Amino acid sequence: MSQEADRGCWIIQDSHDVAIIVGPGARRLIGRLALEYGPYSTIVVVADAGAPRAMLGDILAGIRDAGIPVYFTELPGGEKTKTLDTVVQLWSWMAKENVPRDALLVAYGGGAVSDTAGFVAATYMRGIDWATVPTTLLAMADAAVGGKTAVNLGAKNIVGVFHHPRIVVADIDHLGTLPHEEYVSGLAEIVKHAAIHGRDLLDWLRGNAEGLVKRNPETLTRAVKYSLDVKMSIVSRDYREKRGDRMILNLGHTVAHALEKATGYTMRHGYAVAIGLVVEGIAATMKLGAPREDIEEIRSLLSSIGLPTAPPSGLDPMETLEAIKLDKKRRGNRIVMPMLKEIGKPVLVSMGIEEALDLLAEAWRLAASSGQ
Ligand SMILES: NC(=O)c1ccc[n+]([C@@H]2O[C@H](COP(=O)([O-])OP(=O)(O)OC[C@H]3O[C@@H](n4cnc5c(N)ncnc54)[C@H](O)[C@@H]3O)[C@@H](O)[C@H]2O)c1
Ligand SMILES: O=C(O)C(=O)C[C@@H](O)[C@H](O)[C@H](O)COP(=O)(O)O
Ligand SMILES: [Zn+2]
């Protein structure tokens, strides 16, 4: 699935459709990749204002060296960017600049900018190619691949399409400036992928905790690579989430998206996912008889990283969990929930919405009481 490239970078995928490269300094490949995957008459860079400017300079220089004209705009980073207003703003700007259909849109930033800019690429002139240069750990290890683009509308990711980037350049060098909380937030999705994949990856994470805490580039490159390998193997089986397999990647997200909405999108996505993994894990012990020690193993790893593992005390579970009625895994009056039978054995469980609400609310209370 992946091979080592030069300078410590890994090529996760290098087909005629998609190039996914992970490693320190990978940002310098963007110009060469644009030439290889083009031809593109124009490049439009949509940059996250919170991402490092110095490395953005390297990206723009690489595009200039490739001799491709570039248009540049900036968005505020963070969840507040994931709105239709931002989408209309970008569509209008691109139209005003006469951006042609053979343009490449480059999203440079966190997952929120990537989701939003990816949706703009998917819909401008019925779709142009795009590339993503993820600059947070969460975006590198998860958001950059799989092709899910979306903005929020009343609930999480309600407006979006599947539109995979042609080029993904995950340059570990960007992580040096990432605030601690954002870095830790990204580890939640890597733990999710490990819980899905199996104990070997969880053991690797625990065994390399020091390198992760110190943000060792080699450790980080491997952690991102392993995370993407897990995600891409599932996406390759069910890209549009029609067959069901891909719902497995939504582990922890039924509760997570409800928490993000209830907190007005102020709770970091990874923090919400960590809490969701614990609450939905407890629900799995109740619904499937999943081993309590497996869920405790995941909970204690999340907690040792510095992630929250109990719902915020100020939220009412039933009120918060009402949001699952607008979850995209809902089918009629039922919801399909990914759950762990045990570590490494995720299954999809269909249950009535009311049953799911009662089950998750009870699991929420147990997580809250054990998390104190
Ligand atoms: N499409 C997918 O498959 C997928 C997968 C996982 C998550 N997501 C989405 O991704 C979003 C979360 O992404 P995120 O965790 O990257 O958060 P984010 O995009 O909100 O970024 C967090 C903050 O970090 C700043 N930032 C970005 N890069 C930085 C850097 N190198 N140094 C310092 N600051 C930097 C941003 O400006 C922002 O303020 C959520 O909306 C989630 O739904 C999508
Ligand atoms: O790629 C997927 O599929 C995922 O579920 C990855 C999630 O980590 C990510 O947060 C995704 O955006 C959630 O998808 P959604 O379909 O629940 O909006
Ligand atoms: Zn997620």
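First listed ligand is number 1; within each ligand, the first listed atom is number 1. All values below were derived from every heavy atom in this structure, side-chain atoms included, with hydrogens, water molecules and symmetry-related copies excluded. Note that the coordinates shown come from a computational prediction; the quantities given were computed from them, not determined experimentally.
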Run the numbers for me: atoms of ligand 2, each under 4.0 Å from some heavy atom of His269, listed by number. 10 (O)
By number and element, which atoms of ligand 2 are closer than 4.0 Å to a non-hydrogen atom of Lys328? 15 (P), 16 (O), 17 (O), 18 (O)
Just to verify, which of Glu297, Glu293, Glu342 counts as forming a salt bridge (charged side-chain N to carboxylate O under 4.0 Å, His left out) with Arg199? Glu297
Check: Lys156 N/O within less than 3.5 Å of ligand 2 N/O: no
Before accepting this row, confirm whether a basic side-chain N of the pair Lys287/Glu280 lies closer than 4.0 Å to the acidic partner's carboxylate O. no
Students should be able to answer this: which protein heavy-atom is nearest to atom 2 (C) of ligand 1, and at what distance? Ala143 CA, 3.6 Å
Under 4.0 Å between heavy atoms, the region of Asp115 that gets near ligand 1 turns out to be side chain
Please confirm whether His257 and His253 have ring centers closer than 6.0 angstrom. yes
Does Lys156 come within less than 4.0 Å of ligand 1, judged by its heavy atoms? yes
Is the closest side-chain donor-acceptor distance between Ser303 and Ser300 under 3.5 Å? no
Let's go through Ser41 and Asp102 carefully: what are the C-alpha distance in whole Å and the side-chain angles of both, what is the deciding distance for side-chain hydrogen bond (donor to acceptor under 3.5 Å, both in side chains) to 0.1 Å, and is it a yes or a no? CA-CA 6 Å; Ser41 68; Asp102 65 342; 2.6 Å; yes
Short list, please: which atoms of ligand 2 are under 4.0 Å from a heavy atom of Lys231? 1 (O), 6 (C)
Donor-acceptor check, side chain of Trp130 to backbone of His163, threshold 3.5 angstrom: yes or no? yes
So if I count the atoms of ligand 2 from 1 in the order they appear, which ones are less than 4.0 Å from some heavy atom of Lys192? 6 (C), 7 (C), 8 (O)
Ignoring hydrogens and geometry beyond distance, is a side-chain donor-acceptor pair present between Glu189 and His269 at under 3.5 Å? yes
Give the residue, atom name and distance (to 0.1 Å) of the protein heavy atom nearest atom 36 (C) of ligand 1. Asp48 OD2, 3.4 Å
Between Arg330 and Asp327, does any NZ, NE, NH1 or NH2 come within less than 4.0 Å of an OD or OE carboxylate oxygen? no
Using a strict 4.0 Å threshold on nitrogen-to-oxygen distance, state whether Asp229 and Lys225 make a salt bridge. yes
In His269, which N, O or S atom comes closest to the Zn ion (ligand 3)? NE2
Looking only at protein heavy atoms, identify the closest one to atom 16 (O) of ligand 2 and say how far it is in Å. Lys148 NZ, 2.7 Å
Which of parallel (below 30°), tilted (30 to 60°) and perpendicular (above 60°) describes Tyr71 and Trp93? perpendicular
Protein contact to atom 6 (C) of ligand 2 [nearest heavy atom, distance to 0.1 Å]: Asp142 OD1, 3.7 Å
Heavy atom of the protein closest to atom 32 (N) of ligand 1 (residue, atom name, distance): Thr177 OG1, 2.7 Å
Is there a donor-acceptor pair closer than 3.5 Å between any side-chain N or O of Thr149 and the backbone N or O of Phe162? no
Among all protein non-hydrogen atoms, which one is nearest to atom 27 (C) of ligand 1, and what is the separation to 0.1 Å? Thr136 CG2, 3.3 Å
Nearest to atom 34 (N) of ligand 1, what protein heavy atom do you find, and at what distance? Gly50 O, 3.2 Å
Below a 4.0 angstrom heavy-atom separation, can you tell me which part of Ser114, side chain or backbone, both or neither, approaches ligand 1? neither
Could you check which of Leu138, Val235, Val273, Leu56 puts a non-hydrogen atom nearest to atom 7 (C) of ligand 1? Leu138
Show which atoms of ligand 1 fall inside a sub-4.0 Å distance from at least one heavy-atom site of Gly111. 10 (O), 11 (C), 13 (O), 14 (P), 16 (O), 19 (O)
Give a yes/no on ligand 1: does Pro179 have at least one heavy atom closer than 4.0 angstrom to it? yes
Per-atom contacts of ligand 1 with Glu79, taking only distances under 4.0 Å to non-hydrogen atoms: 20 (O), 40 (C), 41 (O)
Which residue and heavy atom of the protein sit nearest atom 3 (O) of ligand 1, plus the separation: Lys231 NZ, 3.0 Å
Using a 3.5 Å distance criterion without hydrogens, assess whether the side chain of Thr177 forms a donor-acceptor pair with backbone atoms of His174. yes
Proximal ligand 1 atoms for Pro52, defined as those under 4.0 Å from one of its heavy atoms: 30 (C), 31 (N)
Does ligand 2 have a heavy atom under 4.0 Å from the side chain of Asn157, from its backbone, from both, or from neither? side chain
Considering only heavy atoms of His257, which atoms of ligand 2 have at least one such atom less than 4.0 Å away? 13 (C), 15 (P), 17 (O), 18 (O)
Could you find the nearest protein heavy atom to atom 28 (N) of ligand 1 and give me its residue, atom name and distance? Thr135 OG1, 2.7 Å
Between Asn157 and Lys82, do the side chains contain an N or O donor and an N or O acceptor separated by less than 3.5 Å? yes
Go through the steps to decide whether Tyr265 and Asn152 satisfy the test side-chain hydrogen bond (donor to acceptor under 3.5 Å, both in side chains), and finish with yes or no. CA-CA 10 Å; Tyr265 300 104; Asn152 304 322; 4.9 Å; no
Using a strict 4.0 Å threshold on nitrogen-to-oxygen distance, state whether Asp142 and Lys192 make a salt bridge. yes
Ligand 1 N/O within reach of Ala112 N/O, cut-off under 3.5 Å: yes
Would Glu189 count as a contact for the Zn ion (ligand 3), in the sense that one of its N, O or S atoms lies under 2.8 Å from it? yes
Give me the nearest non-hydrogen protein atom to atom 38 (C) of ligand 1 as residue plus atom name, then the distance to 0.1 Å. Gly78 N, 3.7 Å
Counting from 1, what ligand 2 atoms have a heavy atom of Asn250 closer than 4.0 Å? 5 (O), 13 (C), 14 (O), 15 (P), 17 (O)
Using the side-chain contact (heavy atoms from CB on, under 4.5 Å) rule, pick out the option among Leu359, Asp358, Leu366 that qualifies with Glu362. Leu366
Answer with side chain, backbone, both or neither: which part of His253 has a heavy atom less than 4.0 angstrom from an atom of ligand 2? side chain
Test item: side-chain donor near acceptor, Arg334 and Ser350, under 3.5 Å: yes
Single hit among Arg246, Lys148, Lys329 for side-chain hydrogen bond (donor to acceptor under 3.5 Å, both in side chains) with Glu241: Lys148
Short version for Glu189: what comes under 4.0 Å of ligand 1, heavy atoms counted, is side chain
Ligand 1 contact by Gly146, heavy-atom criterion under 4.0 angstrom: no
Proximity to ligand 1 by part of Glu182, non-hydrogen separation under 4.0 Å: side chain
Would Glu218 and Arg222 pass as an ion pair if we require N to O under 4.0 Å? yes
Between Arg246, His193, Met247, Glu241, flag the one that comes closest to atom 1 (O) of ligand 2 by a heavy atom. Arg246
